[in-house]
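These values consider heavy atoms only, across backbone and side chains, with no hydrogens, waters or symmetry-generated copies.
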Amino acid sequence: MRKLKKIEVLRELLNENISILRCPVCKKSIKSIKESSVLCENNHCFNISKKGYVNLVKNNAKTIYDKKLFESRSKIYEYGIYDELSKEIMDIVDKYTSKKNANFVLDVGCGEGYYLNQLYSDEKINSKCKLFGIDISREGLSLATRYENSILWSVSDLSNLPFENGKFDIIIDILSPSNYSEFTRVLNKGGVVIKVIPDEHYLKEIRSKIKDKIKKDTYSNKNVINSFKDNLEIVYDKRITYKTNIYNLEDFIKMTPLTSGLSKEQINELTKCDIENITIDLKIIVGKVGKS
């Protein structure tokens, strides 16, 4: 049997899930999937990429997340540095999808797709979950689609999710912005948000080296947590913190938005610093829709 191309797999996924998609322009249903495009009831047209994702935004926004950042982040993931976080997310997803045979899971700000690809590789989760990944960056999604899988990837705007109301069981939000009005709109009753945010010592070694070049040399997640509490009922939280060996300092430096405002010369100078370990310090919070 002939191996399907990425664009063919994507068309199949779009047709299978057409009932949960909606047009981000007019909010009407998607009516048809063509050879290289998606059409809504009002004939708004969106392109299907040969790389395996659909572009569901009309105007691509500029972003600090470029190809080099995603490539460096992929290398960091390959070193296994975030395996503990990945395992925790898999356990949470497994727990909250145990009561149904078919669950819909959305990763917002999925970037290069590491966590969704990890979920897909788990046979137990894969058998009961349909996985969706969105990001505003085409560069990230181009990397996310490099594996063979049945994940539906799309370029989408966090503030205008291209999905019908109440369709998802879980939203995963890892080190990305949030839009709780959209999250609660697309989640079903009892759906949950798994949010991962930095804690105070996250990448503190890098932060300390550039404290004179950034606006804040300390970090607090208090406001982020308060905003989460205002919108969702927290049902679980956990802090993951440890020091990790440095396999490639340059990759660590290039993978974080902390250094996005630095010049090439400043980046090169930073890579020569005497940093022996990096602190990973993250907080996972799970919130449930239905907060009174």
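- The side chain to side chain contact (heavy atoms under 4.5 Å, CB included) test with Leu282 singles out one residue from Ile197, Asp199, Leu175, and that residue is Leu175.
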List the steps and the verdict of side-chain contact (heavy atoms from CB on, under 4.5 Å) for Asn165 and Val186. CA-CA 4 Å; Asn165 298 347; Val186 302; 5.6 Å; no
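- Using a 4.5 Å cut-off on side-chain heavy atoms (C-beta onward), Asn17 and Leu152 make contact.
- Relative orientation of the Tyr114 and Tyr77 rings is parallel, given thresholds of 30° and 60° on the angle between their planes.
- Within a 6.0 Å sphere centred on CG of Asp274, heavy atoms belonging to other residues, nucleotides or ligands number 12 at most.
- Asp135 and Ser137 share no side-chain donor-acceptor pair at under 3.5 Å.
- Side-chain atoms of Arg22 and Ile30, non-hydrogen and from C-beta on, never get closer than 4.5 Å to each other.
- Once rounded to the nearest 0.5 Å, the distance linking CG of Leu232 with CD1 of Ile285 reads 8.5 Å.
- Ring orientation note: the planes of Phe228 and Tyr180 are nearly perpendicular, at an angle over 60° on the 30°/60° scale.
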Please report the C-alpha distance between Asn179 and Ser181 in whole Å, then the side-chain angles of each, then the deciding distance to 0.1 Å, and finally whether the side chain to side chain donor-acceptor pair (under 3.5 Å) criterion is met. CA-CA 6 Å; Asn179 188 301; Ser181 61; 2.8 Å; yes
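- For the residue pair Lys128/Thr97, the side-chain donor-acceptor check at 3.5 Å is satisfied.
- Here Leu85 contributes atom CG and Met90 contributes atom CE; the two are 11.5 Å apart, rounded to the nearest 0.5 Å.
- Taken together through direct or relayed side-chain contacts under 4.5 Å among Ile, Leu, Val, Met, Phe, Trp and Tyr, Ile246 and Tyr242 form part of one hydrophobic cluster.
- No side-chain heavy atom of Leu187 sits less than 4.5 Å from a side-chain heavy atom of Thr184.
- Leu39 and Ile18 end up in different hydrophobic clusters when Ile, Leu, Val, Met, Phe, Trp and Tyr side chains are linked at under 4.5 Å.
- Within 6.0 Å of NZ in Lys87 there are 12 or fewer heavy atoms belonging to other residues, nucleotides or ligands.
- Leu13 places none of its side-chain heavy atoms less than 4.5 Å from the side chain of Ile151.
- When the shell of 6.0 Å around CD of Glu269 is examined, it contains 12 or fewer heavy atoms from other residues, nucleotides or ligands.
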Worked check of side chain to side chain donor-acceptor pair (under 3.5 Å) between Lys31 and Asn42: CA-CA 9 Å; Lys31 71 173 183 179; Asn42 287 329; over 6 Å; no
Checking Thr259 against Lys254 for the side chain to side chain donor-acceptor pair (under 3.5 Å) test, could you report, in this order, the C-alpha distance in whole Å, the side-chain angles of both residues, the deciding distance, and whether it holds? CA-CA 7 Å; Thr259 60; Lys254 289 184 176 180; over 6 Å; no
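- The neighbour count for Lys51 NZ, taken as heavy atoms of other residues, nucleotides or ligands under 6.0 Å away, does not exceed 12.
- By the 4.5 Å heavy-atom criterion applied to side chains, Phe168 and Val105 are not counted as neighbours.
- Clustering ILVMFWY residues whenever any of their side-chain heavy atoms sit less than 4.5 angstrom apart, transitively, puts Ile206 in the very cluster that holds Tyr247.
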Start with the C-alpha distance between Glu182 and Ser159, add both sets of side-chain angles, then the distance that settles side chain to side chain donor-acceptor pair (under 3.5 Å), and finish with yes or no. CA-CA 7 Å; Glu182 280 294 272; Ser159 66; over 6 Å; no
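- A continuous path of hydrophobic side-chain contacts links Leu4 to Val54 [ILVMFWY only; heavy atoms under 4.5 Å].
- The residues Lys6 and Glu148 are annotated as not salt-bridged, no charged nitrogen and carboxylate oxygen being separated by less than 4.0 angstrom.
- Taking the charged nitrogens against the carboxylate oxygens, Arg73 and Glu78 have no contact shorter than 4.0 Å, which rules out a salt bridge.
- A distance of 12.5 Å separates NZ in Lys209 from OG1 in Thr271, rounded to the nearest 0.5 Å.
- Residues Ile33 and Ile48 meet the side-chain proximity criterion, which asks for heavy atoms closer than 4.5 Å.
- Under the side chain to side chain contact (heavy atoms under 4.5 Å, CB included) test applied with His201, the options Thr279, Thr241, Ile280 reduce to a single match, Thr279.
- In this structure, Phe163 has its ring center no closer than 6.0 Å to that of Phe104.
- Each of Lys283, Lys238, Lys95 was compared with Glu88 under the salt bridge (Lys or Arg N to Asp or Glu O under 4.0 Å) criterion, and only Lys238 meets it.
- Side-chain contact annotation: Asn47 with Ser37, donor-acceptor N/O pair under 3.5 Å absent.
- Between Phe183 and Pro177 the shortest heavy-atom distance is CZ-O, 4.5 Å.
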For Val286 and Tyr96, run side-chain contact (heavy atoms from CB on, under 4.5 Å): C-alpha distance rounded to whole Å, both residues' side-chain angles, the deciding distance at 0.1 Å, then the answer. CA-CA 10 Å; Val286 179; Tyr96 284 95; 4.2 Å; yes
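- Between Lys204 and Asp281 there is no salt bridge, since none of the side-chain N atoms of the basic residue sits less than 4.0 Å from a carboxylate O of the acidic one.
- To the nearest 0.5 angstrom, Asp251 atom CG is 4.5 Å from Tyr79 atom OH.
- For the residue pair Glu164/Ser29, the side-chain donor-acceptor check at 3.5 Å is satisfied.
- Under the 4.5 Å side-chain heavy-atom criterion for Ile, Leu, Val, Met, Phe, Trp and Tyr, Met255 and Leu258 are members of the same hydrophobic cluster.
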Could you go through Tyr82 and Tyr115, starting from their C-alpha distance and side-chain angles, then the distance that decides it, and tell me whether this counts as side-chain contact (heavy atoms from CB on, under 4.5 Å)? CA-CA 10 Å; Tyr82 287 82; Tyr115 295 99; 3.7 Å; yes
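- Side-chain contact between Leu106 and Ile170 is absent, with no heavy atoms from C-beta onward closer than 4.5 Å.
- The line from CG of Leu141 to CD of Glu139 is 10.0 Å long, rounded to the nearest 0.5 Å.
- A 6.0 Å sphere centred on NZ of Lys5 holds no more than 12 heavy atoms belonging to other residues, nucleotides or ligands.
- The environment of NZ in Lys100 is crowded: more than 12 heavy-atom neighbours from other residues, nucleotides or ligands sit within 6.0 Å.
- Atom CG of residue Asp169 and atom SG of residue Cys129 lie 8.0 Å apart, to the nearest 0.5 angstrom.
- Side chains of Asp173 and Ile194 form no contact here, defined as non-hydrogen atoms less than 4.5 Å apart.
- Shown here for Gly52 and Thr145, the closest heavy-atom pair between the two residues is O-CG2, 3.6 Å.
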